[in-house]
Colleague: 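Can you keep this structure in mind? I'll have questions shortly.
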Amino acid sequence: MNNTQLGGTAQQAQSVNQIPVGSQEFDVASRPVVSYSGTQQNELLAALPRPDLESLFEHLELVALPFGKELFEYGSKLENVYFPTTAIVSLLYVMEDGATTEIAVVGHEGVVGVSLFMGERAMCSAVVQSAGYGYRLKTQYLRDAFNQGGALPQLLMRYTNALFAQMAQNAVGGRHSSIEQKLCRWLLDRLDRSPSNELKVTQELISIMLGVRRESITAAAGKLQDDGLIQYRRGNITVIDRQGLEQYAGECYKVAKTEYDRLLMDVAR
């Protein structure tokens with residue numbers, strides 16, 4: 001993956017995220033004991049029946065995921081899956097000239113890098129956009145658990161459907177939505193996966209993720225701030241009026257959000 005643009009942004013944003021970029025995940029306390037309560041921070045793991053979940057404990061690893069860490073790149077063999085708990089991961093498509101566009105985002109509601117077939121290759125790149133933690137599992141163990149049946153296969157298929165809805169909506173929104181609507185949707189996607197209404201992010205990073213000029217993001221953010229929806233300070237965006245953002249984003253955000261909400265309701269039942 002050509003990370004020239006993203007790498008530059010990572011260096012500028014390290015002070016914001018306060019976790020340096022590393023070549024590998026930082027194992028937490030040399031394989032700490034995985035607890036049932038800890039795994040409940042990821043909604044997919046939390047949705048598994050307790051016996052099914054505990055059968056994965058010996059294979060799950062709690063790892064720190066630093067900002068800018070590339071979990072895998074396009075065309076690479078998928079060796080691990082990640083269940084984020086507090087980290088947020090961007091799924092990216094990178095052109096030959098290095099231009100980058102975000103096609104989906106994954107946080108505590110999902111999983112990154114699912115591979116159900118031996119030798120399957122990544123169809124996109126995955127980069128940590130907001131530093132945090134997650135559980136890592138070798139793909140072979142996930143395949144073994146999937147083939148045993150139970151709740152896991154149905155859960156993963158439902159999640160994959162919701163993820164496809166997000167990708168489809170991003171594709172449609174990228175063509176038919178205004179810059180302001182794209183920015184609203186992008187902020188809401190992060191807000192759904194963050195513990196507060198404050199997002200530590202630079203305008204340059206947003207412009208790279210959306211595939212637009214930085215000046216366009218500056219103008220759009222200024223308009224949203226003038227409308228009282230957000231407050232922007234260098235490296236920090238505070239959402240003041242979430243409902244207003246949702247109304248502004250329109251279908252650019254609503255369809256994928258509805259699909260995820262339906263997934264969570266099905267899981268709860």
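Since the structure is predicted, the reported quantities are computational estimates derived from the model, not experimental observations.
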Colleague: Any donor-acceptor pair under 3.5 Å linking the side chain of Thr100 with the backbone of Val94?
Modeller: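 Not a single qualifying donor-acceptor pair exists.
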Colleague: Using the rule that two of Ile, Leu, Val, Met, Phe, Trp, Tyr join whenever any of their side-chain heavy atoms come within less than 4.5 Å, decide whether Met157 and Val111 are in one cluster.
Modeller: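 Different hydrophobic clusters.
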Colleague: Measure the shortest side-chain to side-chain distance between Lys138 and Glu79 over non-hydrogen atoms and say whether it is less than 4.5 angstrom.
Modeller: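 They are not in contact (no side-chain heavy atoms under 4.5 Å apart), so the answer is no.
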Colleague: So, for Val112 and Leu71, which heavy atoms are closest and what is the spacing to 0.1 Å?
Modeller: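 In terms of heavy atoms, the two residues are closest at CG1-CD1, 4.4 Å.
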Colleague: Provide the closest heavy-atom pair for Ile179 versus Ala220 in the form atom of the first, atom of the second, distance.
Modeller: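 It is CG2-CB, 3.7 Å.
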Colleague: Spell out, yes or no, whether Met95 and Met123 are grouped together once hydrophobic residues are joined by side-chain heavy atoms under 4.5 Å, including indirect joins.
Modeller: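 No, separate clusters.
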Colleague: Would you call Leu53 and Gln40 a side-chain contact if the rule is heavy atoms closer than 4.5 Å?
Modeller: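 Side-chain contact under 4.5 Å: yes.
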Colleague: Restricting to non-hydrogen atoms, name the atom on Ser130 and the atom on Phe67 that form the minimum distance, rounded to 0.1 Å.
Modeller: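 Answer, listing the atom of Ser130 first, then Phe67: N-CD1, 4.4 Å.
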Colleague: Nearest 0.5 Å, what's the SG-CH2 distance between Cys184 and Trp186?
Modeller: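 So the gap between those two atoms works out to 12.5 Å.
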Colleague: Using a 3.5 Å distance criterion without hydrogens, assess whether the side chain of Glu109 forms a donor-acceptor pair with backbone atoms of Gly107.
Modeller: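 Flag set: sc Glu109 to bb Gly107 pair under 3.5 Å.
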Colleague: What is the minimum heavy-atom distance between Arg242 and Leu191, and which atoms define it?
Modeller: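 For Arg242 versus Leu191, the nearest heavy atoms are NH1-CD2, 3.5 Å.
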Colleague: Does the pair Tyr82 and Leu65 meet the rule for a side chain to side chain contact (heavy atoms under 4.5 Å, CB included), with working shown?
Modeller: CA-CA 10 Å; Tyr82 296 83; Leu65 301 173; 4.2 Å; yes
Colleague: State whether the side chain of Thr139 and the backbone N or O of Leu78 hold a donor-acceptor pair below 3.5 Å, judged by distance alone.
Modeller: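 Pair found, side chain donor or acceptor close to backbone of Leu78.
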Colleague: Any chance CE of Met167 has more than 12 other-residue heavy atoms, nucleotides or ligands included, within less than 6.0 Å?
Modeller: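 For Met167, atom CE is crowded (more than 12 foreign heavy atoms under 6.0 Å).
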Colleague: Heavy atoms, side chains only, cut-off 4.5 Å: are Thr101 and Asn170 in contact?
Modeller: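 No, side chains not in contact.
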Colleague: Using modelled atom types only, decide if a donor and an acceptor are shared between the side chain of Asn42 and the backbone of Pro84 within a distance under 3.5 Å.
Modeller: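 Judged by distance alone, yes, a pair lies under 3.5 Å.
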Colleague: Would you call Glu246 and Leu188 a side-chain contact if the rule is heavy atoms closer than 4.5 Å?
Modeller: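 In contact.
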Colleague: Do the side chain of Gln166 and the main chain of Ala162 share a donor and acceptor less than 3.5 angstrom apart?
Modeller: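 Judged by distance alone, no pair lies under 3.5 Å.
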Colleague: Could you tell me whether Glu215 and Arg213 make a salt bridge, using a distance below 4.0 angstrom between a side-chain N and a carboxylate O?
Modeller: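 Between Arg213 and Glu215 there is a salt bridge, with a charged N closer than 4.0 Å to a carboxylate O.
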Colleague: Taking all heavy atoms of Ser194 and all of Arg190, pick out the closest pair and write down the distance.
Modeller: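 Closest approach of Ser194 to Arg190: OG-O, 2.7 Å.
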Colleague: Any donor and acceptor pair, going by atom type alone, linking the side chain of Gln231 with main-chain N or O of Thr238 inside 3.5 Å?
Modeller: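 Pair absent, no side-chain N/O of Gln231 close to backbone of Thr238.
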Colleague: Honestly curious: do Val105 and Phe72 fall in one hydrophobic cluster under the side-chain, below-4.5 Å linking rule?
Modeller: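 No, Val105 does not connect to Phe72 through the hydrophobic network.
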Colleague: Please report the closest heavy-atom contact between Tyr141 and Leu137, naming both atoms and the distance.
Modeller: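 Of all heavy-atom pairs spanning Tyr141 and Leu137, the closest is CB-CD1, 3.8 Å.
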Colleague: For the CG atom of Leu199 and the CD1 atom of Ile88, what is their distance to the nearest 0.5 Å?
Modeller: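 Interatomic distance, Leu199 CG to Ile88 CD1, rounded to 0.5 Å: 7.5 Å.
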Colleague: Under 3.5 Å, is there a donor-acceptor pair between the Ser90 and Gln129 side chains?
Modeller: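 Their side chains do contain a donor-acceptor pair, which is all the 3.5 Å distance test asks for.
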Colleague: Restricting to salt bridge (charged side-chain N to carboxylate O under 4.0 Å, His left out), what partner residues turn up for Arg50, sequence neighbours left out?
Modeller: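 Only Glu54 meet the salt bridge (charged side-chain N to carboxylate O under 4.0 Å, His left out) criterion with Arg50.
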Colleague: How about Leu187 and Leu183: do any of their side-chain heavy atoms sit closer than 4.5 Å?
Modeller: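 Counting from C-beta outward, Leu187 and Leu183 do come under 4.5 Å.
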Colleague: Please list, chain by chain and in numerical order, all residues satisfying salt bridge (charged side-chain N to carboxylate O under 4.0 Å, His left out) with Asp227, sequence neighbours excluded.
Modeller: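 Scan of Asp227 (salt bridge (charged side-chain N to carboxylate O under 4.0 Å, His left out), adjacent residues dropped) gives Lys223.
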Colleague: Can you tell me how far apart CD1 (Ile103) and CG (Leu92) are? Round to the nearest 0.5 Å.
Modeller: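 So the gap between those two atoms works out to 7.5 Å.
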Colleague: Could I get the full list of ring-ring contact (aromatic ring centres under 6.0 Å, His included) partners for Phe164, not counting sequence neighbours?
Modeller: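 Here no residue qualifies.
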Colleague: CD1 of Ile206 to NZ of Lys182: how many Å apart, nearest 0.5 Å?
Modeller: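 Rounded to the nearest 0.5 Å, the CD1-NZ separation comes to 13.5 Å.
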Colleague: Nearest 0.5 Å, what's the CG-CZ distance between Leu156 and Phe146?
Modeller: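 With rounding to 0.5 Å, CG (Leu156) is 6.5 Å from CZ (Phe146).
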Colleague: On the 0 to 90° scale, with breaks at 30° and 60°, tag the Tyr74-Tyr93 ring pair as parallel, tilted or perpendicular.
Modeller: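 Geometry flag for Tyr93 against Tyr74: perpendicular rings.
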Colleague: Any luck finding a side-chain donor-acceptor pair between Gln148 and Asp144 under 3.5 Å?
Modeller: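 There is no such pair between these side chains.
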Colleague: Using modelled atom types only, decide if a donor and an acceptor are shared between the side chain of Thr86 and the backbone of Tyr133 within a distance under 3.5 Å.
Modeller: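 A pair under 3.5 Å: yes.
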Colleague: Applying side chain to side chain contact (heavy atoms under 4.5 Å, CB included), run through Thr39 and Leu56 and close with a yes or a no.
Modeller: CA-CA 11 Å; Thr39 56; Leu56 297 174; over 6 Å; no
Colleague: Are Asp241 and Tyr248 close enough that some pair of their side-chain heavy atoms sits under 4.5 Å apart?
Modeller: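 With C-beta onward as the side chain, the pair stays apart.
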Colleague: Under a 4.5 Å side-chain heavy-atom rule over Ile, Leu, Val, Met, Phe, Trp and Tyr, are Tyr232 and Met209 clustered together?
Modeller: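 Hydrophobic grouping puts Tyr232 with Met209.
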Colleague: Taking the side chain as every heavy atom from C-beta outward, state whether Tyr135 and Glu61 have any atom pair closer than 4.5 Å.
Modeller: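 A side-chain contact is absent here, since even the closest heavy-atom pair is not under 4.5 Å.
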Colleague: Rounded to the nearest 0.5 Å, how far does CD1 of Ile237 lie from CG of Asn197?
Modeller: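 It comes to 11.5 Å.
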